[in-house]
Structures are given as structure tokens and as C-alpha cells.
Amino acid sequence: MNEGRVIDLLAGAVAAVEGADVPRDLREAAFTGALRLLAGEQQPAEPRPEASAPLSTAIQTSPGSDDAERDSAALDMVAAGLELEPSKVVKLFAEKDDAPELILKARNLPSAKSDAAQDIALLVMAARQLGGVEEYTEAKVLRAVCRRYGKFDSANFATHMKSLDNLVIADGKGASTKRKLTQPGIEQAAELAEKYLGGD
């Protein structure tokens with residue numbers, strides 16, 4: 001690749017991040033993902049439904065809608081941040097109410113509620129953070145997803161989340177605590193995603 005091409009790719013990635021108004025703490029991951037997409041390093045393993053269609057056609061809202069474009073951008077950002085192909089991300093997450101929703105099969109989660117709750121929290125935080133939904137994920141969001149999967153232990157949930165302290169930055173106390181993944185936390189979430197995709 002010649003020097004001119006490298007300069008063009010870097011400029012394009014910077015423009016994409018600036019144009020998307022990505023939060024400051026997510027810009028590094030977004031820039032890396034945009035650069036990979038522009039360089040053609042991150043191609044889907046399977047053809048998309050239409051050669052020129054955005055990823056959103058695979059998870060389908062209504063064709064050609066503004067929502068479809070936004071959904072595609074959010075899940076593409078999650079894919080880039082987790083270093084996964086977009087065609088794999090849609091096996092873990094679907095867009096719902098303007099946010100990535102975990103769609104992992106419940107049978108694939110650990111049987112122990114503590115381990116399952118931690119895995120759920122890492123994946124949900126990563127998707128919301130990388131997808132540009134919010135910088136910090138509220139505890140009530142994580143509790144709701146754990147309940148949906150039957151992995152919520154009200155007496156010990158705070159302890160389960162406390163076990164992730166080496167991977168997150170926490171803000172607040174008790175039931176109102178909000179959490180943001182650090183880079184090691186994002187890397188851990190990426191490894192989890194790969195593990196669950198391998199067992200699908």
C-alpha cells in the first residue's frame with residue numbers, strides 16, 4: 001500500500017469519527033474500526049442480503065428508513081470495537097429501541113447465576129458503550145437483562161457486579177451505580193463474544 005493510500009485512509013477514518021460525533025472516550029475504538037472498514041480488512045464472512053445494502057437489512061427494520069441506517073451504524077461500531085465481523089455480531093445482538101439488545105441463547109450461558117450475570121453485564125456494557133448508546137451503563141439496565149435470562153440473584157447481584165471492578169470504572173453507589181468498561185474490559189468482552197459465537 002503506497003503512502004498516498006495510507007494518508008487517504010487515515011483522513012477518511014478521522015472524518016468518519018468526527019462526522020458521527022462519537023463520544024471522546026470511544027473515539028479511539030471508533031477510529032480503529034473505521035480504519036479497518038475503509039481498508040477492507042474487515043469483510044463479512046457471508047454475503048450480505050444485498051451487495052450494496054447496509055448491515056441493517058440483515059437485522060431488518062423497514063428498508064430504506066433512517067432507523068435502518070442508524071441501526072447499521074451502531075452494530076457496525078460494536079463489531080469494530082469487538083473486532084468481529086458484522087455478520088457475526090448480529091448473532092449476539094439485535095437493535096431494539098435504538099440500542100443493541102443481547103440475543104445470546106440462554107442455554108449457552110453458565111448455569112451459575114454469578115458467572116452468567118457477569119458475562120451478561122460485560123456483553124451488554126460493551127455493546128451499549130461501543131455502539132454509542134451511553135458512556136456508562138446503569139445497574140437497572142443490567143438487572144433487567146439478567147432477569148430476562150433468569151440469571152438475576154437479587155441478594156447477591158451487587159456482589160456479582162463488584163467482581164468486575166478490575167474491568168470497569170464505576171460511578172455512584174449501591175443500586176444506582178453506573179459502570180463503564182475500561183480497555184481490558186472491552187478486550188474481555190471481545191473474548192467472551194468469540195467464545196459464545198464458537199459455541200453457537
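Just so you know, these numbers use all the heavy atoms, side chains as well, and skip hydrogens, waters and symmetry mates. Only a predicted model underlies this, so the values are computations on that prediction, with no experimental measurement involved. Residues: numbered from 1 along the sequence shown.
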Is there a path of hydrophobic side-chain contacts, each under 4.5 Å between heavy atoms of I/L/V/M/F/W/Y residues, joining Y136 to L123?
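No, L123 does not connect to Y136 through the hydrophobic network.
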May I ask you to test the [X]-[Y] pair for a side-chain heavy-atom distance under 4.5 Å?
| X | Y | value |
| --- | --- | --- |
| L142 | M161 | yes |
| V141 | R128 | yes |
| M77 | L130 | no |

For the pair K180 and D171, evaluate salt bridge (Lys or Arg N to Asp or Glu O under 4.0 Å) and give the outcome as yes or no after the intermediate values.
CA-CA 8 Å; K180 175 176 82 168; D171 182 28; over 6 Å; no
Search all heavy atoms of [X] against all heavy atoms of [Y] and return the closest pair with its distance.
| X | Y | result |
| --- | --- | --- |
| A170 | T177 | CB-CG2, 4.0 Å |
| A193 | L84 | CB-CD1, 3.8 Å |
| V133 | P100 | CG2-CD, 3.5 Å |
| A127 | V78 | O-CG2, 3.5 Å |
| L164 | A121 | CD1-CB, 3.9 Å |
| E95 | L75 | N-CD1, 4.5 Å |

For the atom pair [atom1] ([X]) and [atom2] ([Y]), what is the distance rounded to the nearest 0.5 Å?
| X | Y | atom1 | atom2 | value |
| --- | --- | --- | --- | --- |
| R179 | E135 | CZ | CD | 15.0 Å |
| L109 | D115 | CG | CG | 10.5 Å |
| E187 | L122 | CD | CG | 12.5 Å |
| E101 | L92 | CD | CG | 12.5 Å |
| K88 | E83 | NZ | CD | 12.5 Å |

Output side-chain donor-acceptor pairs under 3.5 Å for residues 147-157, partner residues at least two apart or in another chain, one line each.
residue	atom	partner	partner atom	Å
R148	NH1	L102	O	3.4
R148	NH2	L102	O	3.0
Y149	OH	L102	O	3.4
Y149	OH	L104	N	3.1
Y149	OH	L104	O	2.6
K151	NZ	P110	O	3.1
K151	NZ	S111	O	3.3
D153	OD1	A155	N	3.3
D153	OD2	N156	ND2	2.8

Please determine which of N108, L192, V124 meets the side-chain contact (heavy atoms from CB on, under 4.5 Å) test together with D119.
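With D119 as partner, side-chain contact (heavy atoms from CB on, under 4.5 Å) holds for just one option, L192.
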Please list, chain by chain and in numerical order, all residues satisfying side-chain contact (heavy atoms from CB on, under 4.5 Å) with K162, sequence neighbours excluded.
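Residues passing side-chain contact (heavy atoms from CB on, under 4.5 Å) with K162: D165.
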Are any side-chain N or O atoms of Q118 and backbone N or O atoms of H160, one a donor and one an acceptor, separated by less than 3.5 Å?
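Yes, the answer is positive, given that a donor and an acceptor are paired below the 3.5 Å cut-off.
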Pair K178 + E138, salt bridge at N-O below 4.0 Å:
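Salt bridge flag = no for E138 with K178.
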